[in-house]
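As structure tokens, the structure follows; a few thoughts come after it.
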Amino acid sequence: SCAPRHNPWAYRRLVVDVASQFVSDGPILWEVEPIQGDVPIDSLGGGLATEGRVIVLVNGGTASAAEILAAALRDRRDAVVLGTPTFGKDAVQIAFDLRNGGRLHVAVARWLSPGGASVGNGGLQPDVEMELPQDMTLDDLIQAAVEAAR
């Protein structure tokens with residue numbers, strides 16, 4: 001999905017809000033812009049889940065803001081990322097509606113993980129690669145995550 005017109009980072013605020021529940025301080029991501037260069041986007045602090053083990057489930061449908069969150073949790077909370085490689089979208093885009101009903105997306109920046117990695121070439125690579133079938137129950141997912149994280 002794309003951010004609303006003229007607001008390329010509409011989802012950035014949401015992902016920073018969520019990541020801040022897990023990361024107490026420091027960068028959630030780096031915004032890389034042609035004019036400003038690398039700008040850290042920091043945790044808001046005050047999170048409720050800044051301690052304990054974190055396991056993140058990902059697949060090829062994990063994209064954009066979800067990739068930012070997964071990368072931030074791995075880099076800043078030593079989370080175990082489990083699943084298959086993510087989509088690989090590191091572009092920040094502005095969408096323009098066209099008169100013919102189409103939409104033009106223009107990349108204006110890109111983002112990097114807190115550790116400085118890009119997901120642009122092949123997505124975020126999981127720590128433990130395994131297929132997570134759609135029909136897995138929540139209990140099955142939890143069991144697979146716990147076993148893989150050992």
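These numbers come from a predicted model, not from an experiment.
Between the side chain of Thr62 and the backbone N or O of Thr86, no donor-acceptor pair lies under 3.5 Å. Looking at Gln125, its side chain does come within 3.5 Å of a backbone N or O of Gly123 through a donor-acceptor pair. Using modelled atom types, one side-chain atom of Trp111 and one backbone atom of Lys89 make a donor-acceptor pair closer than 3.5 Å. Under a 3.5 Å cut-off, the side chain of Arg12 and the backbone N or O of Ala65 do not form any donor-acceptor pair. A donor-acceptor pair under 3.5 Å is absent between the side-chain atoms of Arg76 and the main chain of Ser24, judged by distance alone. The closest donor-acceptor contact from the side chain of Asp127 to the backbone of Val81 lies under 3.5 Å. With hydrogens and angles ignored, the 3.5 Å screen pairs no side-chain donor or acceptor of Glu129 with any backbone N or O of Pro85.
Hydrophobic clustering, with ILVMFWY side chains joined whenever heavy atoms are under 4.5 angstrom apart, keeps Ile142 apart from Leu82. Val80 is not connected to Val58 by any chain of hydrophobic side-chain contacts under 4.5 Å among Ile, Leu, Val, Met, Phe, Trp and Tyr, and they are in different clusters. Residues Met136 and Leu57 share a hydrophobic cluster, clusters being chains of Ile/Leu/Val/Met/Phe/Trp/Tyr side chains in contact below 4.5 Å. The cluster map of Ile, Leu, Val, Met, Phe, Trp and Tyr, joined by side-chain heavy atoms under 4.5 Å apart, puts Leu138 and Ile55 in different clusters. Under a hydrophobic clustering in which Ile, Leu, Val, Met, Phe, Trp and Tyr are joined whenever their side-chain heavy atoms come within less than 4.5 Å, directly or via other members, Val23 and Trp30 fall into different clusters.
Here CD of Glu33 is found 12.0 Å from CZ of Arg110. Values are rounded to the nearest 0.5 Å. Atom CG of residue Asp75 and atom CD1 of residue Ile28 lie 10.5 Å apart, to the nearest 0.5 angstrom. Leu124 contributes atom CG, which lies 14.0 Å from atom CZ of Phe87 (distance to the nearest 0.5 angstrom). Between the CD1 atom of Ile68 and the CD atom of Glu31 there is a distance of 9.5 Å, given to the nearest 0.5 Å.
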Practice prompt. Using the side-chain contact (heavy atoms from CB on, under 4.5 Å) rule, take Leu132 and Asn59 through it: C-alpha gap first, then chi angles, then the decisive distance, then the call.
Written response: CA-CA 8 Å; Leu132 300 169; Asn59 65 17; over 6 Å; no
- Message: Using the rule given for side-chain contact (heavy atoms from CB on, under 4.5 Å), can you reason through Leu44 versus Val16, listing the C-alpha separation, both sets of side-chain angles and the distance that settles it, and then say yes or no?
- Response: CA-CA 7 Å; Leu44 303 173; Val16 170; 3.9 Å; yes
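With 3.5 Å as the limit, one finds no donor-acceptor pair spanning the side chains of Asp17 and Ser20.
Between Gly47 and Thr50, the closest heavy-atom pair is O-CG2, 4.0 Å. Across all non-hydrogen atoms, the minimal contact from Gly120 to Ser118 is N-OG, 2.9 Å. Among all heavy-atom pairs drawn from Pro126 and Gly83, the shortest one is CG-O, 3.3 Å.
Test Leu29, Val32, Asp90 against Leu112 for side chain to side chain contact (heavy atoms under 4.5 Å, CB included) and you get one pass: Val32.
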